[in-house]
Structures are given as structure tokens and as C-alpha cells.
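Reading through the C-alpha cells given below for one structure.
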Amino acid sequence: MAPIPGSGLAKGLAVTLRTMTKKTVTAQYPDAQPELPPRTRGVIALFEENCTVCMLCARECPDWCIYIDSHKETVPPAAPGGRERSRNVLDRFAIDFSLCMYCGICIEVCPFDALFWTPEFEYAETDIHELTHERDKLREWMWTVPAPPALDPGAEEPKEIAAARKTADKLATAAQAEQAEQAAQAAQAAQAAQAAQAAQAEQAKHADAEQAVQTEQGGRTGQATPEAQADPSASAPAEPPATPPSGPQEGQS
């Protein structure tokens, strides 16, 4: 069926008429803050602890509005016998937002997740030179970064979370094994102590029995019989016979 001539014009005029009858609503900014989407590109925040001064963000920036200064420091070996290493230490990280075109390339190419989008947008200045924000200001904006959106129910778990969970499970298993080993050692020590106490008690019992037997035997040998008490000569040892003299006897020539 062919469209009726003028139907498009009639629909457009109907939309105009409906809009004309509605009350105009004006957002009373700054008294009423706008509800921005969670992925709004407001300003770039810096998480300084993750920055390794790789300079990748500054090299990839199409406006050359990122300024980074650093120096090298020598790090002692982590283990005895190792060798010293040198690492870059961040001295300055600044972004000139008068040049930035909010393309987000620096955030995408950062390999260590040191740059993030934040919905903060109220950073207008009267002087263009004050739009160059140093790392302290960029660090303050880091706490306004919204949390990442939740994953879909059927989405694959991120590799970082899987690696962190695997490491945590390994550490927990090692801790449980260490605790079990300590408990086993404590049980063995307790058993050894009980065995030693039992052995000492048995030795003391045998010593008491032997002492009782010796006391009884000593009492029997030290007690004299009634006959020996009545006749002391009976218990006296017999005198040995007299030995005749070896010289010549009298009367012999």
C-alpha cells in the first residue's frame, strides 16, 4: 500500500505539538549535580603505585600532553648471593588538560593499570597554566574512580582473579600443612613425655621394691638367734690349734 502523501509531515507536526505542551525542565547546575553515566570520560586519575615509568603512555599520546620525569635507583638483592638491580623511580607525572583531547589511548596502552577514567569534570581554571595537573592532584582523583561493572553471569573469570585465587589457595594449603605438621610434632612430643613419665614411674617402683627387699634381707641377717644370745661362746669363732714349735724339744740329745 502506498503511503498517503503528507503523512510524514503530519507525524513531525504531531511530535512538535506534543513537545510544545510539556513543561520545560532545566537542570539547576551546580545546585543539582547531573547524573553521569558510569563510563564518563571526565578526567584521568593516576594510581602511582602501579606506575613503572615505562613511558609508554607518553610515547603513545597523540597530543604529547603527558610529562614524566624519573631517576634510577639500585635495589639490593632479594636473596643472599643475588645481584643488585636497578629500577626507575617516578619523580614527576603531569598531564596538561588544556591539550588533552580525552582519547583514552594512554589508559588503554598502560600495561600495569596505572591510569583510570574518573567522572570528575569540575576542574575549570581561569589560567590555562593551571590546567597542567601534577601527580598529587591526579592521585586525589583516583579515589573518585567508580568500581568496575559486574561481570555477566556466564562471563569467564578474569585471569588476574584466577591467578590471585590460585596463589591464595596454595598459601592456605601450605599453612594448613604446616599447622598439621606442628600438631603432629606436638602430639609426638606429648607422647614422648608421657612415655618418659611412665618409665620414670616404673623405675621408681622397681627401686622401691629393691630397697624393700634389701631392707628385709638386712633385718634378717642382723637379727641374732635366741641360742646365740644365751651362749655367746657358741657364736664365737673357734680358735685355731696351736702350732708346735719347730725347734728341738727338751730331753733330746
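Index from 1, following the sequence. On a predicted model such as this, the values are computed, not experimentally measured, just so you know.
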- Name the orientation class of the two ring planes belonging to Y102 and Y123 (parallel below 30°, tilted from 30 to 60°, perpendicular beyond 60°). tilted
- Is it possible for you to say whether I66 and I107 belong to one hydrophobic cluster, with membership spreading through side-chain heavy-atom contacts below 4.5 Å? yes
- Pairs where residues 112-130 contributes a residue and the test salt bridge (Lys or Arg N to Asp or Glu O under 4.0 Å) is met, not counting sequence neighbours: none
- N88 side, atom CG; C54 side, atom SG - distance, nearest 0.5 Å: 9.5 Å
- Message: I'd like to know if the side chain of D96 reaches the main chain of S98, judged simply by a donor and an acceptor atom lying under 3.5 Å from each other, with no hydrogens or angles considered.
- Response: yes
- Item | Euclidean distance, Q200 CD relative to Q203 CD, rounded to 0.5 Å | 7.0 Å
- Task: If the plane angle is over 60° it's perpendicular, under 30° parallel, otherwise tilted; pick one for W141 and F97.
- Result: perpendicular
- Among the clusters formed by ILVMFWY side chains lying less than 4.5 Å apart, do F116 and V43 turn up in the same one? no
- Message: More than 12 heavy atoms of other residues, nucleotides or ligands under 6.0 Å from CG of L13: yes or no?
- Response: yes
- Task: Side-chain contact test, heavy atoms from C-beta onward, threshold under 4.5 Å: evaluate it for L36 versus F121 and give yes or no.
- Result: yes
- Message: Rounded to the nearest 0.5 Å, what separates atom CD in E108 from atom CD1 in I105?
- Response: 9.0 Å
- Message: If you compare all heavy atoms of I44 against all heavy atoms of C106, which two are closest, and at what distance to 0.1 Å?
- Response: CD1-SG, 3.7 Å
- Task: Measure across E48 and L90 and return the closest heavy-atom pair with its distance rounded to 0.1 Å.
- Result: CG-CD2, 3.9 Å
- Query: Quick one: do the H206 and E210 side chains pair a donor with an acceptor below 3.5 Å?
  - Reply: no
- Query: Same cluster or not: are I95 and M101 linked, directly or through other Ile, Leu, Val, Met, Phe, Trp or Tyr residues, by side-chain heavy atoms under 4.5 angstrom apart?
  - Reply: no
- D69: partners by side-chain contact (heavy atoms from CB on, under 4.5 Å), with sequence neighbours left out: D91, R92
- Above 12 or not: heavy atoms from other molecules or residues under 6.0 Å from CD of E49? yes
- Message: Counting only heavy atoms from other residues, nucleotides and ligands, does the tally under 6.0 Å from CD of Q185 exceed 12?
- Response: yes
- L131 side chain near H129 side chain, heavy-atom distance below 4.5 Å: no
- Message: Looking at R41 and C103, would you say the former's side chain and the latter's main chain have a donor-acceptor pair under 3.5 Å?
- Response: yes
- So, for T40 and P37, which heavy atoms are closest and what is the spacing to 0.1 Å? OG1-O, 2.6 Å
- Note on the structure: All heavy atoms of C65 vs all of L99, minimum pair found to be CB-CB, 3.8 Å
- Item | Inter-residue atom distance I68.CD1 - R135.CZ, 0.5 Å rounding | 11.5 Å
- P146 to W117 - nearest heavy-atom pair and separation: CD-O, 4.1 Å
- So if you build clusters from Ile, Leu, Val, Met, Phe, Trp, Tyr with side-chain heavy-atom gaps below 4.5 Å, do F93 and Y67 land together? no
- Heavy-atom pair of closest approach, residues L115 and C110: N-SG, 4.3 Å
- Item | Pairwise distance CZ(R87) to NE2(H71) - rounded to 0.5 angstrom | 8.0 Å
- Message: Quick check on the hydrophobic clustering: are L46 and V53 connected, directly or via other members, by side-chain heavy-atom contacts under 4.5 Å?
- Response: yes
